[in-house]
Amino acid sequence: MTTHTNTPSPVHLPDLSDRPGRGRRSLLVVAGVLACGVPVVFTLNITRMLVMGIDTDHRFHQLTGQGEILFALWLLPLLALLRAGWQGRRPGTAAGWAHLVLVAAGAGCAVAAPGGGAPALVGLIGITGSFVWVALPLRPQLRVGVQVDPLLMPVALAASAVLLPYAVDQIGLQNAATTGFHSENPHYFDMAWIAVVLAAYALLAGLLPAARVLATGFVVAMVWLGSAGLALGESTAWSLSFLVVGVLTAAASVVVRRQTPRN
Amino acid sequence: MTAGAALAAVPGIGGGVLALVLAAWHGTWDLAVDGQVPVDAVVAIAYPMTALVVLSSSALRRGARALAWILMVAGGCSGVATLSTVVAQVATEPSTATDVAVLLLSSVWVPGFLSLLTLVPLFYPDGLLPGRLWRLAAGAAVIGIALLTLGLGLYPETFEGRIRLPKPVSHLGIAQGLTYAGAALLLPAGLAGVASLVVRLVRTRGLARRQVIVFLAAAALLIAVTVTQGSLPSPVDILAQAVAAAMVPIAIGVAITRHGLYEMDVAVRRSLVAVSLGTCLAGAYLTLFALLQALPRHESALSAAVAAGLTGAIMQPLAKRLTAGVDRMFYGDRADPFAVTSALAGRLTEAGLDVALVPQVLCDTVVETLRLPAARVWLAGDSSDRPVATAGAVGDEPPAEFELRHRGDVVAELDVWPRAGEQGLHPRDELVVRGLADQVAPAVAAVQLHRQLQRSREALVAAREDERLQLRRDLHDGLGATLAGLRLQVETAQYLSDQPDVDGLLGSAGDGVAQAVAEVRAITDGLRPAALDELGLARALSALADRVRAPGLEVEVDIAEHVAAAPAVEVALHRIAAEALANAVRHSGARRLSLRVRDGRHVELHVSDDGVGLRAGADATAGSGLGLASMRQRAEEVGGTLELLTSDSGTTVHALLPHSVGDLT
């Protein structure tokens, strides 16, 4: 370690007093393993299927709602919460909202399309996620100031105008799948779920300065979704719309980031 | 903006939007992408909107107006081309409408798209050509576009949509002749367009140059993507071209908003609010409508009414917040002085903030919270010709000046530059900046006082050291020499004397004189290290290193040979080096020591060791802090700085001293 000091002030040492104790950290580890175990296993399994070419008919779903995008939306907020908790910091507002939105959107979609074991999956996420919140030494600050961004907000509402009809469409497909593969594997539910979560990400980024960072996740997911759709022969209209919304949000996000003053 | 301009935008924006709706309605997206509809739709919608924004400025010059109309016409042509393409694609049987559509779609895109590569670069940014000769290029572009439009219109080909649609009028020979002639004119016109931008780039400076750079980047991208069309896979090529086409109006927008093109701040802000609000409302309406339609037992009319009602309800508060947001984008927190002063107060009360940083914090706050380009603080009564703090990019234009007063005295001056394209600071900006200046004036007064004290201290030290040097010389050359001569005379008298009593007295007198000589030497050494005058600075420092050299301790010396400084600085350098070397030997347990002195703009002293570091060493011996404080004080006395870097692998003392007292720049 190198310290840099102007004499005669004493050399500063890191303050270790606010780090969580061993008990709290143990609790965090247990909650983290319970909450992250399932998505990690799912991620590895779906990635294996993608690499090995298993169920290639479902490659689009594996790359997006059933697989990589869902797991990213599931895991990243959890990891952010756990990391902050481990370091004794208050987790960021964006991470808190992202996790809540995932659970709430999943619950809503599971009510709308209860087939294929969706309620059980959402229940599992909700319960294990709540363990993490209980284990955190400090909760994320969810009540923060609202400041509508004139660039991100219109893009967010345009995105919701694309994503929510898409979610409705996918829920309709899920409910229609009473027999066959998709009656047991709720891929359409998953697609609806991530669509609702992404719409919420965009809206939160447009509304809350503390959650502007969610725009980055939204952009990556939308570009990924649109590109995968175009590459794998999914509906051109939906895929192009996702891609265009993603690119527009990226442009808006860059402008917003450049204009945000340093605090 | 005139009604005529709004009407002129209808073919472009209306055609583009209608084409997209038709394609979505009929589910012909794949055909639309193949038919380059995304590219034409982008041009059709974005360019007339840009033109409308530009034309909405009341203070627009004639040239800029002409450029806006070129954009408008390009958008209109693209709108017609887009709509014609989609109409032909979705048609299920031939008709007069499809005949017209096939004719238009094959030709009208030319003035819509190729004018972006020729006329727009030629006339950007002021709507005037760079010189008289450039008229040839503009003429070639206009004639080339007209010939190519006609040629492609007459080219015999069949359009592939849902059905095959042959062209109603065609003639291969004429079409080929016109097409070749048009292409032959357009190629040099396009090159001339790029060349004109380069010429403007070379000729312009400052803001005007930045306006050209941003557009040149977008135009280069569009040209590059257009040239590589054949080599990119579909639909990537179409999408890339659509994005590149969108970059041109975006670049114009950036030039308008960030670099003051056309000086149309108000119009841009209003347009931005309008577009933002319109998009928000449309998005909210469609979202609500889709959700309501998803409910069981829904009715479209009721859903539409409820969605419209809810959207209407949020319109007013949303417009208010969006307006505030756009204002914030342009002017920071100018409309919220409390937020600005809170930000400043927050920064000032940050733990450990040095009062010397207050002017810098003030400048940063002004630049960041008000989105002003630059700010600078000068301390009153400071003989230095440098500002005490600067933030942002200082421009050539005269700044607005604000006096920072404390107890009726001007303690500093704050210079603030207006935003790009603005003649001066807006009264609201002035109000907020004035408030900030008043808020920090007492702290800046303290900085000024501190500076004055530092200057006085430096002057005292310089005078003291000069006096000491003079005194040392006087004692050494005057009293010292006299005493030495006296001692010689006494010793000579003692040698010549043959009387024991006298001999004893002279011997005693000689001892007294010798003691006086020794005392004078001790006094002169205390006034100033003797080695400095006897050996010179470089060798005196080298001698210090020689003094600590011992078995098991390797000492490296690297001293600039002709290093020189004012007497006070030489003394400070010598004392700091001596103290740092002694500390290293006493406390660090080092096996290697290094003494380096660099002579450049300033004199730099590095003393480093590979010992246990400050904390372990400090634990072992009390009082080491006093030595460090002393070194720091010596550096500051002559206007220098001292830094200490310590870790468990060694310590480095770094002193930066001016050549003359207080001259550290």
### Query
Looking only at heavy atoms, what is the nearest atom pair of Ser160(A) and Thr287(B), with distance?
OG-OG1, 2.7 Å
### Task
Please state whether the side chain, the backbone, both or neither of Leu243(A) comes within less than 4.5 Å of a heavy atom of chain B.
side chain
### Task
Using modelled atom types only, decide if a donor and an acceptor are shared between the side chain of Thr279(B) and the backbone of Pro154(A) within a distance under 3.5 Å.
no
### Summary
When every non-hydrogen atom of Val148(A) is compared with those of Arg321(B), the smallest separation belongs to CG2-CD, 3.7 Å
### Query
If you look at every heavy atom in Val168(A) and Ala290(B), which pair is closest and at what distance?
CG2-O, 4.3 Å
### Summary
Residue from Val247(A), Leu164(A), Leu230(A) scoring the most non-hydrogen pairs under 4.5 Å with chain B is Leu164(A)
### Minimal non-hydrogen separation, Met329(B) against Pro150(A), with atom names
SD-CG, 3.5 Å
### Task
Would you mind telling me which of Gly283(B), Ala282(B), Gly332(B) has the largest number of heavy-atom pairs within less than 4.5 Å of chain A?
Gly283(B)
### Query
How close do Ala161(A) and Leu286(B) get, heavy atom to heavy atom, and via which atoms?
CB-CB, 3.7 Å
## Note on the structure
Residues at least two apart in sequence or cross-chain that pass ring-ring contact (aromatic ring centres under 6.0 Å, His included) with His58(A), listed by chain then number, are Phe181(A), His182(A), His187(A)
### Task
Sort Val146(A) into side chain, backbone, both or neither according to what part of it lies under 4.5 angstrom from a heavy atom of chain B.
both
### Query
How far does CG of Leu157(A) sit from OG1 of Thr311(B), to the nearest 0.5 angstrom?
9.5 Å
